[in-house]
2 protein chains.
Amino acid sequence: MARPGELERRILDLLWARGELSVREVRGLLGDDLAYTTVMTVLDRLHAKEAVLRRKDGLAWRYRPRQSKEQALADKIVRLVPRDLHDASPLLEAFLDRAEQLDDDALDKLEALIRSRRKERKRC
Amino acid sequence: MARPGELERRILDLLWARGELSVREVRGLLGDDLAYTTVMTVLDRLHAKEAVLRRKDGLAWRYRPRQSKEQALADKIVRLVPRDLHDASPLLEAFLDRAEQLDDDALDKLEALIRSRRKERKRC
DNA sequence: AAAGTCTACGACAGCCCGTAGTAGCGCGCA
DNA sequence: TGCGCGCTACTACGGGCTGTCGTAGACTTT
């Protein structure tokens with residue numbers, strides 16, 4: 001086994017890439033020769049954790065992500081950040097570090113977001 | 001038990017607050033009535049994971065964080081964010097959306113980072 | 001009715017973490 | 001000089017999470 005959670009992550013990635021998949025489809029896309037029930041179990045657990053939604057399609061369930069990859073990631077990060085964090089810059093730098101591709105457009109958008117954030121804050 | 005890792009986190013927080021502590025000191029500051037060896041085991045595991053450094057002081061070890069709280073957080077985030085993240089704006093948007101903790105100060109810093117990003121970009 | 005497809009449920013192993021006991025080592029004190 | 005105290009190293013156990021799968025039953029299709 002690689003790091004724990006690896007299989008769950010790979011399956012989630014497939015769902016993010018494809019939108020909605022059945023157990024059989026996920027199993028095929030994974031390519032490893034996992035047992036059908038292995039994939040089913042993982043999807044079932046993801047559903048129990050409310051990481052994915054599912055909908056009946058005939059006999060079978062079809063699974064889809066509950067939230068976008070970005071939202072999921074942002075949630076994880078928010079859960080990681082302690083409320084008493086005093087200096088946020090290392091955190092923000094870590095973000096921007098990862099984002100080589102931030103073009104001017106994206107930077108504009110972010111600034112706009114910050115401004116609207118400020119306004120909102122003032123109102124409350 | 002609360003969430004797994006809880007005790008480790010509390011102990012790390014103590015080290016970040018106090019700088020350097022012995023097992024006995026940590027145990028006292030925790031306040032729970034944990035066995036001495038419980039605290040020792042956790043510190044030992046943190047050391048094995050290289051989350052803390054230690055130095056002999058007479059018979060005993062004294063433990064201190066390997067990195068600042070902010071750096072540790074940034075590292076965790078970097079590990080969480082995939083390297084193939086092409087467009088960071090959705091993520092940052094999602095983050096700004098979720099992060100009620102971000103105070104004005106943090107927003108200022110983010111703006112400053114964006115500005116310096118812009119400048120850097122122009123230069124290249 | 002038989003064969004195939006799905007699901008629900010149970011199971012087991014391995015890792016991580018909280019929690020703790022035991023054994024042994026070194027130092028200072030009676 | 002030997003004893004007790006403090007500290008460490010090692011071992012252990014239980015519970016939760018994850019990867020992995022088997023079995024049993026239900027429904028569909030042929």
Side-chain angles (χ1 to χ4, degrees), chain A residues 1-16 18 20-66 72-73 75-76 79-80 82, chain B residues 1-16 18 20-66 72 75-76 79-80:
Chain A
M1 177 185 1
R3 287 173 325 190
E6 189 63 30
L7 184 53
E8 290 192 345
R9 251 188 307 261
R10 285 173 61 208
I11 290 180
L12 270 175
D13 272 340
L14 285 175
L15 294 178
W16 277 316
R18 305 294 184 116
E20 197 188 48
L21 294 170
S22 67
V23 173
R24 190 154 298 276
E25 288 163 345
V26 168
R27 177 166 182 273
L29 289 168
L30 279 174
D32 315 353
D33 234 20
L34 293 176
Y36 183 93
T37 48
T38 297
V39 179
M40 203 182 63
T41 301
V42 173
L43 279 166
D44 204 52
R45 285 178 183 160
L46 285 173
H47 179 249
K49 279 191 284 192
E50 296 189 308
V52 302
L53 304 174
R54 69 185 190 180
R55 154 180 91 77
K56 264 290 184 192
D57 176 26
L59 259 195
W61 294 107
R62 293 186 68 76
Y63 295 83
R64 63 187 189 281
R66 185 179 61 85
L73 194 49
D75 276 0
K76 268 194 219 165
R79 247 172 281 130
L80 221 52
Chain B
M1 181 188 354
R3 286 174 325 191
E6 188 62 30
L7 184 54
E8 289 191 348
R9 252 186 307 256
R10 285 174 61 207
I11 289 180
L12 270 176
D13 270 341
L14 286 175
L15 293 178
W16 277 318
R18 305 294 185 115
E20 198 187 48
L21 294 170
S22 67
V23 173
R24 188 154 300 276
E25 288 163 345
V26 168
R27 177 167 182 273
L29 289 168
L30 279 174
D32 317 351
D33 233 19
L34 293 175
Y36 183 92
T37 50
T38 296
V39 179
M40 204 182 62
T41 300
V42 173
L43 279 166
D44 205 51
R45 286 178 183 161
L46 285 172
H47 180 248
K49 281 190 282 194
E50 297 190 308
V52 303
L53 304 173
R54 68 184 192 182
R55 155 180 89 77
K56 265 289 185 193
D57 177 26
L59 264 193
W61 294 106
R62 293 187 68 76
Y63 294 84
R64 62 186 189 283
R66 184 179 62 84
D75 279 4
K76 270 193 220 164
R79 247 172 282 128
L80 219 51

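A note on names: the letters A, B, ... follow the listed sequences, proteins ahead of strands, and every chain is numbered from 1. A quick note: this is a predicted structure, and the numbers were derived from the prediction, not measured.
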Seminar exercise, completed: Here the distance between atom C1' of C:dC17 and atom CZ of B:Arg10, to the nearest Å, is 14 Å
Exercise. Do B:Arg64 and B:Arg18 have side chains that get closer than 4.5 Å, going by heavy atoms?
Worked result: no
Exercise. For the pair made of CG in A:Asp57 and P in D:dC27, what is the distance, rounded to whole Å?
Worked result: 17 Å
Seminar exercise, completed: Rounding to 0.5 Å, atoms CG (B:Leu46) and CG (B:Leu53) come to a distance of 11.5 Å
Seminar exercise, completed: Closest of D:dG6, C:dC17, D:dT8 to the B:Leu59 side chain is D:dG6
For this session: With a 4.0 Å heavy-atom cut-off, tell me which residues in residues 42-50 of chain B come close to DNA chain C, sorted by residue number.
Result: B:Val42, B:Arg45, B:Lys49
Exercise. Base, sugar-phosphate, or nothing: which does A:Arg54 touch, judged by heavy atoms less than 4.0 Å apart?
Worked result: sugar-phosphate
For this session: Could you check which of C:dT7, D:dC7, C:dT19 has an atom nearest any side-chain atom of A:Lys56?
Result: C:dT7
Exercise. Within the structure, does a side-chain N or O atom of A:Tyr36 lie under 4.0 Å from either OP1 or OP2 of C:dT5?
Worked result: no
Exercise. Over how many whole Å does the gap from A:Glu8 atom CD to D:dG16 atom C1' extend?
Worked result: 13 Å
For this session: Specify the separation, in whole Å, of atom CD of A:Glu6 and atom C1' of D:dG19.
Result: 11 Å
Exercise. Who are the side-chain hydrogen bond (donor to acceptor under 3.5 Å, both in side chains) partners of B:Thr41, not counting sequence neighbours?
Worked result: none
Exercise. What integer distance in Å separates B:Arg62:CZ from D:dG6:C1'?
Worked result: 15 Å
Problem set entry | Between C1' of D:dT20 and CG of A:Leu34, the distance in whole Å | 8 Å
Exercise. When B:Ile11 is tested against each of B:Leu43, B:Leu21, B:Val52 for side-chain contact (heavy atoms from CB on, under 4.5 Å), which residue passes?
Worked result: B:Leu43
For this session: Consider the side chain of B:Val23, meaning its heavy atoms from C-beta on, and name the nucleotide among C:dT7, D:dT8, D:dT18 that approaches it most closely.
Result: D:dT8
Problem set entry | Side-chain touch A:Glu20/A:Glu25, heavy atoms, less than 4.5 angstrom | no
For this session: Would you kindly say whether A:Tyr36 and A:Arg27 are connected by a side-chain donor-acceptor distance under 3.5 Å?
Result: no
Exercise. Looking at B:Arg10 and B:Asp32, does any basic side-chain N land under 4.0 Å from a carboxylate oxygen?
Worked result: yes
For this session: Locate the shortest heavy-atom distance separating A:Val42 from A:Glu8; write the atom from each residue and the value.
Result: CG1-CG, 3.7 Å
Mind listing the N/O atom pairs, protein and nucleotides 22-24 of chain D, below 3.5 Å?
from: D:dG22; atom 1: N7; to: A:Thr37; atom 2: OG1; distance (Å): 3.2

Exercise. In whole Å, what is the span from the CG atom of B:Asp32 to the P atom of C:dG18?
Worked result: 12 Å
Exercise. Between B:Trp61 and B:His47, what is the ring plane arrangement, given parallel below 30°, perpendicular above 60°, and tilted in between?
Worked result: parallel
Problem set entry | Comparing B:Tyr63 and A:Leu7 on DNA chain D - which has the more 5′ nearest nucleotide | B:Tyr63
Exercise. Atom CZ of A:Arg27 to atom P of D:dT20: distance rounded to whole Å?
Worked result: 13 Å
